[in-house]
Number of protein chains: 2
Amino acid sequence: MSSPLDPVFAALADPTRRAILSMLLEDDMAVTDVAEPFEMSLAAISKHLGVLTAAGLISQEKRGRVKWCKLEPDALRGASVWMQSFGQFEAVNLDAFERFLAVELSDDS
Amino acid sequence: MSSPLDPVFAALADPTRRAILSMLLEDDMAVTDVAEPFEMSLAAISKHLGVLTAAGLISQEKRGRVKWCKLEPDALRGASVWMQSFGQFEAVNLDAFERFLAVELSDDS
DNA sequence: TCGATATTCAACCATTTGGTTGACGTTTGC
DNA sequence: GCAAACGTCAACCAAATGGTTGAATATCGA
């Protein structure tokens, strides 16, 4: 059916939204400042920010009349782990999978 | 603007397509066999496989009347690298991996 | 208080997406 | 040769997506 990964990957599928995430990597930003480099309306950017918020990739906090946008990189973790499982366990080499688990478990990190 | 990441993330946004990729992780499969566990038409699965092929995530080779589907995990590399730029994912987080598996396997249809 | 700034909302539009069904072309096995 | 199996194609549909504009709301600064 669906999973929490659905809205994350869907949000990442749009280049405008990926660009927004990259911008927020440097610092928190107000909605108007997020919109500034893009050649589209503020309302469109507001919608994109809504999609990113719904996916959990950013959070928004209103202070005064300004709404600040903040990256929430933890939301990428599930998606990242899902993808890595393909790179590392290609052709489901079960031996490799178990070696991977052993290494991960013995490494306190 | 667009980038080669667009179709990859868009393809991953659908749970049916992610389930198909997981199946192909175990072995190459014929289209009919890919479709078997899903409660939708063969034509719908054929379209999903087309989306995955367009994204480069699988390849398809016809032998006789059977078309074989093969995972192409390298296509995930670009997306993976993009996500690494957000840091914090250098090592696979096993807790997150297990949470992911629990969710992903429990709502499979 | 008033005007400007910040942001969202509502209505609308075109395009894409994910599904259906039925017809169609190939390949296979008897 | 012919029916069955494999898979796609074309047409259609409903819903979601990504954008627009204009009005609305809330806050700030003077």
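- Note: CD1 (Ile20(B)) to P (dG18(C)) measures 11 Å, nearest angstrom.
- For the residue pair Val8(B) and Ala79(B), the shortest heavy atom distance occurs at CG1-CB, 4.1 Å.
- One atom, CZ of Arg63(A), and another, P of dT7(C), lie 12 Å apart when rounded to the nearest Å.
- In this structure, Glu39(B) places its CD atom 10 Å from P of dT20(C), rounding to the nearest Å.
- As a whole-Å value, the separation of Arg17(B) CZ from dG19(C) C1' is 12 Å.
- Remark: Ala10(A) pairs with Ala13(B) by the side-chain contact (heavy atoms from CB on, under 4.5 Å) rule, at least two apart or across chains.
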Interface polar pairs with nucleotides 3-12 of chain D, N/O, under 3.5 angstrom:
unit_1 : atom_1 : unit_2   : atom_2 : d
dA5(D) : N3     : Arg65(B) : NH1    : 3.4
dC6(D) : O3'    : Arg65(B) : O      : 3.1
dG7(D) : OP1    : Val31(B) : N      : 3.4
dG7(D) : OP1    : Lys67(B) : N      : 2.7
dG7(D) : OP1    : Lys67(B) : O      : 3.3
dG7(D) : OP2    : Thr32(B) : N      : 2.6
dG7(D) : OP2    : Thr32(B) : OG1    : 2.2
dT8(D) : OP1    : Lys67(B) : NZ     : 2.9
dT8(D) : OP2    : Ser46(B) : OG     : 2.3
dT8(D) : O5'    : Ser46(B) : OG     : 3.4

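- Contact check, Ser41(B) against dG19(C): no side-chain N or O comes under 4.0 Å of OP1 or OP2.
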Pairs under 3.5 angstrom only: tabulate donor-acceptor contacts from the side chains of residues 48-59 of chain A to other protein residues two or more places apart or in another chain.
unit_1   : atom_1 : unit_2   : atom_2 : d
His48(A) : ND1    : Arg17(A) : NH1    : 3.1
Thr53(A) : OG1    : Leu49(A) : O      : 2.8
Thr53(A) : OG1    : Gln60(A) : OE1    : 3.0
Ser59(A) : OG     : Glu72(A) : OE2    : 2.8

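- Counting all heavy atoms, side chain and backbone alike, Thr16(B) lies closest to Asp14(B) at N-OD1, 2.8 Å.
- In this structure, the NE2 atom of His48(A) is 15 Å from the C1' atom of dT8(C), given to the nearest Å.
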Side-chain donor-acceptor contacts of residues 22-33 of chain A below 3.5 Å, not counting sequence neighbours, with atom names and distances?
unit_1   : atom_1 : unit_2   : atom_2 : d
Ser22(A) : OG     : Arg18(A) : O      : 3.3

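- Counting side-chain heavy-atom gaps under 4.5 Å among Ile, Leu, Val, Met, Phe, Trp and Tyr, the cluster of Trp68(A) also holds Val66(A).
- Here the closest non-hydrogen pair linking Phe9(A) and Leu12(B) is CD1-O, 3.4 Å.
- One can place CZ of Phe38(B) at 10 Å from P of dG19(C), the figure rounded to the nearest angstrom.
- Taking atom CG of residue Leu12(A) and atom P of nucleotide dG18(D), one finds them 12 Å apart after rounding to whole Å.
- Stretches of at least 3 consecutive Watson-Crick or G-U wobble pairs, with each checked distance under 3.5 Å, appear in DNA chain D as C:1-30 with D:1-30.
- Applying the salt bridge (charged side-chain N to carboxylate O under 4.0 Å, His left out) test to Glu39(A) and every residue at least two apart in sequence or in another chain returns nothing.
- Sorted by first and then second residue, the pairs that involve residues 53-70 of chain A and meet salt bridge (Lys or Arg N to Asp or Glu O under 4.0 Å), not counting sequence neighbours, are Glu61(A)-Arg63(A).
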